[in-house]
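This report refers to the structure that appears directly beneath it.
Throughout, residue positions are numbered sequentially from 1 according to the sequence presented. Values below: all heavy atoms of this structure, side chains included; hydrogens, waters and symmetry mates excluded.
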Amino acid sequence: MSIARKVTLYVMLFSGLFTVLSTGLQLYMDYRNDLKDIETTLNLIDRSHIDSLVNGIWNLDKAVISTELTEIMNLPDIVYLELNEFRATPIKKGALGAPEQMIMREYDFSNRGAEREVAGSLKVAMTTAHILQRLRDKVFVILIAQSVKTLGVALFIIFLFHMLVTRHIEKIRAFISETSTKSPAVPLKLDKGRGPFKRRSEVDEFGILVSEINTMRQNLSVEIEANRVFNEKLQREIVVRHEAENALIHLRNYLSKIINSMPSVIVGVDLDGKVTQWNKGAEEATGVSENDALGQLLDQSFSRLSQDMRLVFEAIKSGQRRIVAGRLYMKDEEVLYEDITVYPLMDDEGKDVEGAVVRLDDVTEKHTTEVALRRAQKMEAIGELTGGVAHDFNNILGVVMGNLELLKIGLPGHDEALVHIDNALKGASRGADLTGRLLGFSRHQNKETKRTNVNKVIEGISDMIARSLTASVSFETHYWDGLWPVDIAAGDLEDTILNLSLNAKDAMPDGGTLIVKTTNKVLDDSEIRHNPNATSRSFIVISVSDSGTGMTAEVRDKALEPFFTTKEEGKGTGLGLSMVYGFVQRSGGHIQVDSELGKGTTFHIFLPRLEDSAQTDFRTENVLAEIPRGTETILVVDDEESLLDVAAAYLSNLGYSVLKASDASKALEVMDEHSSIDLLFSDIIMAGGMDGYQLAEIVRSKYPKCAILLTSGYIKKREALTGSRAEFVVRLGENRLPKPYNQSTLAFAIRRALDEAD
C-alpha cells in the first residue's frame with residue numbers, strides 16, 4: 001500500500017471515529033431531552049386533568065369525562081389510555097404498540113376528589129417511536145454529511161501527496177532501478193511542479209537526495225566499467241570448471257543413489273580385502289557406518305562374512321564370479337536366508353582385477369514362500385490321493401452296506417443271522433465315517449454352512465472341553481469383542497476345537513494351561529505373500545495354545561498329514577489334525593502352527609470374514625417319520641454295477657418301477673424308449689465321457705417334466721465341474737445325495753425330488 005493511501009486511510013479512520021463519538025454524544029443528549037419532554041407531559045396530565053376527571057366521575061358528568069379524556073388523548077405522543085372505575089365499564093382509547101417503545105403511567109384516583117374519595121385509576125401510555133425515528137433520521141443525515149466531507153478530504157490529501165511526494169519518489173525509484181543495468185548520460189532531475197505547487201529552490205530534502213544520487217551514479221559507472229572485463233574473463237573460467245565439477249558430482253551421486261537404493265548389501269573391497277565401498281544395506285546389516293568401515297578389513301567390519309573371505313580372494317584370483325545360494329544365518333534369534341555373490345572388479349581396460357564386489361540378497365521371504373507353497377502342494381496332492389481312494393472306498397461300502405441291508409430285509413425271523421448282519425453294518429458304518437474324515441481332509445466333503453458367531457460356538461462347548469481335560473490342566477478363554485462373523489459348518493468348528501484341545505491335553509501329561517483365544521485380523525502384503533492360499537485380507541483368528549512339550553520342526557511340518565501321529569500304537573489314528581486341516585481348507589482359511597520343544601504349541605486358525613450377511617437354509621429330514629414310498633418310474637444310472645443293483649433293489653422295495661443304465665449314453669437311450677420316466681437318479685462321476693451334470697442338462701432340455709436327483713461320494717473340484725452352467729445344475733450339485741446311503745435316506749431324497757418337481 002502506498003504512503004498516500006496509508007495517510008488517507010488513517011485520516012479517514014480518525015475522522016470516522018470522531019464522527020461516531022460526536023454523533024453518539026449528540027444523539028444521547030437529544031434522547032435525554034425527549035425523555036424529559038415525555039415526563040413533562042405526564043406531569044401535566046397529573047396537574048391539569050386528573051382532578052377534573054375525578055370530579056366528573058364523582059358527579060357522573062359524562063361530558064366532562066369525555067372532554068378530559070379527549071384532551072389527554074390529544075396531547076403529543078399519547079397513544080393509549082384506559083379509565084378504570086368500579087361503578088362503570090372501563091373506557092379504552094387508542095392502541096398499545098411494542099412494549100419496548102412504550103412508557104406507561106397509572107394515576108390513582110384515591111384522595112384526589114374535592115368532595116369525596118373516588119376508587120379507580122387512569123392508565124396512560126406514551127410512545128417513544130417518534131424519538132427513535134427522529135434519532136435515526138439525524139444519524140442518517142450526519143453520516144451522509146461526514147462521509148462527503150471525509151471523501152473530499154481524502155481526495156485532496158491523495159492529490160496533494162502525489163504532487164509533493166509520491167511522483168518524485170517514483171522517479172527516483174525508476175532512476176535507481178536503471179542504474180543496476182546501465183549508466184545513462186542524463187543525470188537525475190526532478191520536475192519542480194506547476195502552478196501553486198512549483199518550487200523556487202532545489203535546496204530541500206529532495207534536492208539534496210538527487211545531488212547525492214547523481215554523484216554516487218558517476219562513481220559507480222567508473223567502477224562498473226573497470227571490473228566488467230575482468231569479470232567476463234573470470235566468469236568464463238568459472239563456468240568451465242563448474243560444469244566439470246557438476247558432472248563429477250552428478251555421476252558420483254547417481255552411482256551412490258543406485259547402490260544405496262538397492263535392497264541388497266553391497267560391499268567393495270580392494271586386493272587386500274579392505275573395504276572401498278559400503279552402501280546403506282551394509283550399514284543396516286552391521287550397524288557400522290560408512291566412515292568407520294572404509295579402509296578396514298572386510299571380516300573386521302562385517303563379522304558375518306569372515307568365513308566367506310575365501311570366496312572373495314578366489315574371485316579376485318580367478319577373475320570369476322562366486323555364488324553361495326540360500327545360506328542360513330541367525331539374526332536376533334531369528335533364522336534368515338541369503339544369497340552371496342562375489343564379483344571380480346576389473347580396471348578401466350578390463351584386463352587386471354582391482355578388487356571385488358560382495359552382494360548379499362535376503363531371500364528369507366522367498367524361501368518361506370517356497371516352503372509354504374511346497375507344503376500346500378504336498379497337502380493338495382495328499383488330499384487328491386485321499387479323495388480318490390475315498391471315492392472307490394465309498395462305492396465298496398455302498399455295495400457292502402446295501403447288500404447287508406437287503407439281506408436283513410430278506411431274512412425276517414433269523415435272529416442270529418440278523419445279529420451278524422447288524423454287526424457287519426456297524427463295521428461298514430465305521431468305514432463310512434472314516435471315509436467321511438478322509439473326504440473332510442481332502443476338502444471334497446461338502447457340508448452346509450451358515451453365518452456363525454465363533455465366540456458363541458466356543459462358549460457352547462467350553463464346559464465339554466473343561467470336563468475332557470485332567471484336573472492339572474487349567475482352561476482359559478479370551479473372546480474378542482465385536483468378532484466378525486464367518487460362513488462355516490458350526491459342527492466342524494466344534495470338532496476342530498475339541499480335537500485341538502484333546503491333542504493339547506496329551507501334550508501336557510504333567511499339567512499346564514490351555515488357552516483358546518479369538519481375535520480379528522487384517523493381513524498385510526507380507527502375510528498374504530506367505531500364505532498363497534489366502535482368499536481374503538480380513539480374517540478371524542482362533543488361537544489354541546498349550547504349555548506342553550512342543551514339537552520339533554520336522555514333526556510340525558508333518559503334523560497335519562493324515563495318519564501321521566507321534567502317539568503310541570493303538571492310541572491314535574492320526575486323523576484328528578488332518579480333519580482340522582480339511583475343515584480350515586474347506587472354509588477358505590489356513591493354519592499357522594507355532595511350536596518349540598519344551599515351550600508349548602499354538603495353532604492359529606484363520607477363517608475368512610463373512611462380508612455377506614445372507615444365511616444358508618438348512619433342510620433336515622425327520623428320521624423318525626415313516627419311510628415314504630411311491631409308484632413312479634425311476635431311471636437309475638451308475639457305472640458301478642453292484643451299486644446300481646443295490647439302488648434298484650431299494651427302490652423296488654419302496655414300490656417304485658425301476659429302469660437301469662450303466663452310463664449316461666445308455667441312460668439317454670432308455671429315456672428315448674420310455675417316455676413315462678418320472679425321475680432320473682444318476683451318479684455324478686461316471687465313465688464314458690459324460691458326467692452326471694452333462695446328463696442332467698440334456699434330460700432337462702429334452703424332458704423338462706422329468707425330475708432329477710444326483711448322487712456322489714466324491715466331487716473333485718466341484719466348481720470346475722459346474723462352471724458357468726445353468727443355475728439348476730448348480731442347485732442339483734448342492735442338493736445331491738451323498739454316498740454311501742441306505743434305503744431310508746434314499747427314500748426321503750427320492751420323494752422330496754419328486755414332490756418338488758410337481
*Tell me, with the steps shown, if Q235 and K233 meet side chain to side chain contact (heavy atoms under 4.5 Å, CB included).*
CA-CA 5 Å; Q235 186 67 28; K233 181 179 179 181; over 6 Å; no
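- Considering only heavy atoms from C-beta on, V312 comes within 4.5 Å of V358 through its side chain.
- With values rounded to the nearest 0.5 angstrom, F313 atom CZ is found 7.5 Å from D272 atom CG.
- Residues R321 and Y343 share a closest heavy-atom pair of CD-CE2, 3.5 Å.
- Counting only distance, with no hydrogens or angles, the side chain of S468 and the backbone of I465 share a donor-acceptor pair below 3.5 Å.
- Every residue two or more places apart in sequence or in another chain that forms a side chain to side chain donor-acceptor pair (under 3.5 Å) with T518 is listed here: N455.
- Partner of I542 under the side chain to side chain contact (heavy atoms under 4.5 Å, CB included) criterion, out of T519, L500, I458, V584: I458 alone.
- Take T513 and apply the side chain to side chain donor-acceptor pair (under 3.5 Å) test, not counting sequence neighbours, and it matches S474.
- In this structure, the separation between OG1 on T496 and CD on E494 is 10.0 Å, given to the nearest 0.5 Å.
- In this structure the side chain of V267 reaches within 4.5 angstrom of the side chain of W278, judged on heavy atoms.
- N279 places a side-chain N or O within donor-acceptor distance of the main-chain N or O of I266, the cut-off being under 3.5 Å.
- L607 is not listed as a side-chain neighbour of F539, based on a closest heavy-atom distance of 4.5 Å or more.
- Side-chain contact check for S543 and S545: no donor-acceptor pair (N or O, by modelled atom type) lies under 3.5 Å.
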_Between K274 and V269, does the side chain to side chain contact (heavy atoms under 4.5 Å, CB included) criterion hold? Intermediate values first, please._
CA-CA 5 Å; K274 293 183 179 179; V269 296; over 6 Å; no
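- Side-chain contact check for L298 versus M309: some heavy-atom pair is nearer than 4.5 Å.
- Atom CG of D481 has 12 or fewer heavy atoms from other residues, nucleotides or ligands within 6.0 Å.
- With sequence neighbours excluded, the residues forming a salt bridge (Lys or Arg N to Asp or Glu O under 4.0 Å) with R310 are E314, listed by chain and number.
- In this structure, CG on L493 lies 7.5 Å from CD1 on I605, to the nearest 0.5 angstrom.
- Residues passing the salt bridge (Lys or Arg N to Asp or Glu O under 4.0 Å) test with D361, sequence neighbours excluded: R359.
- Using a 4.5 Å heavy-atom threshold, the side chains of L483 and N520 count as touching.
- Side-chain contact between D270 and E354 is absent, with no heavy atoms from C-beta onward closer than 4.5 Å.
- Judged purely by atom type and a 3.5 angstrom limit, N453 uses its side chain to pair as donor or acceptor with the backbone of K456.
- S587 places no side-chain N or O within 3.5 Å of a backbone atom of G589 that could act as its donor or acceptor partner.
- Across Q296 and S301, no two heavy atoms sit closer than the pair CB-OG, 3.3 Å.
- In this structure T452 satisfies the side chain to side chain donor-acceptor pair (under 3.5 Å) test with no other residue, sequence neighbours excluded.
- When every heavy atom of D510 is checked against every heavy atom of S472, the shortest pair comes out as C-OG, 4.2 Å.
- For the pair R609 and V486, the minimum side-chain heavy-atom distance is 4.5 Å or more.
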Please tabulate, for the side chains in residues 282-290, all donor-acceptor contacts under 3.5 angstrom to protein atoms that are two or more places apart in sequence or on a different chain.
unit_1 : atom_1 : unit_2 : atom_2 : d
E283   : OE2    : E290   : N      : 3.1
T286   : OG1    : A282   : O      : 2.7
T286   : OG1    : V288   : N      : 3.1
S289   : OG     : D292   : N      : 3.4
S289   : OG     : D292   : OD2    : 3.1

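- For the side-chain contact (heavy atoms from CB on, under 4.5 Å) test, residues two or more places apart in sequence or in another chain that qualify with L345 are V357.
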*Passes side chain to side chain contact (heavy atoms under 4.5 Å, CB included), L360 versus L305? Steps please.*
CA-CA 10 Å; L360 305 180; L305 295 179; 4.0 Å; yes
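- With sequence neighbours excluded, no residue satisfies salt bridge (Lys or Arg N to Asp or Glu O under 4.0 Å) with K317.
- When the salt bridge (Lys or Arg N to Asp or Glu O under 4.0 Å) test is applied to E245, the partners found at least two apart in sequence or on another chain are R241.
- For the atom pair CZ (R236) and CG (N231), the distance works out to 11.0 Å, reported to the nearest 0.5 Å.
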*asked:* side chain to side chain contact (heavy atoms under 4.5 Å, CB included) for T601 and V593? Distances and angles first, verdict last.
replied: CA-CA 7 Å; T601 302; V593 184; 4.2 Å; yes
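- Every pair passing salt bridge (charged side-chain N to carboxylate O under 4.0 Å, His left out) that includes a residue from residues 598-607 is listed here, sequence neighbours excluded: E596-K599.
- Between H590 and F606, the ring planes lie parallel to each other; the angle is under 30°, not in the 30° to 60° tilted range.
- Remark: S462 OG to I497 CD1 distance equals 9.5 Å, nearest 0.5 Å.
- Within the 3.5 Å criterion, the main-chain N or O of G512 finds no donor-acceptor partner in the side chain of D546.
- Not counting sequence neighbours, the partners of L336 by the side-chain contact (heavy atoms from CB on, under 4.5 Å) test are Y329, K331, E334, T364.
- Residues passing the side chain to side chain donor-acceptor pair (under 3.5 Å) test with D594, sequence neighbours excluded: Q592, H604.
- Remark: side-chain polar atoms of D299 are not paired, donor with acceptor, to backbone N or O of S303 under 3.5 angstrom.
- The nearest pair of heavy atoms linking R451 to D487 is N-OD1, 4.1 Å.
- The local environment of NE2 in H242 is sparse, with at most 12 non-hydrogen atoms from other residues, nucleotides or ligands closer than 6.0 Å.
- Here the closest non-hydrogen pair linking L514 and A504 is CD1-CB, 3.7 Å.
- The minimum heavy-atom distance between F475 and A466, with the atom names listed, is CD2-CB, 4.2 Å.
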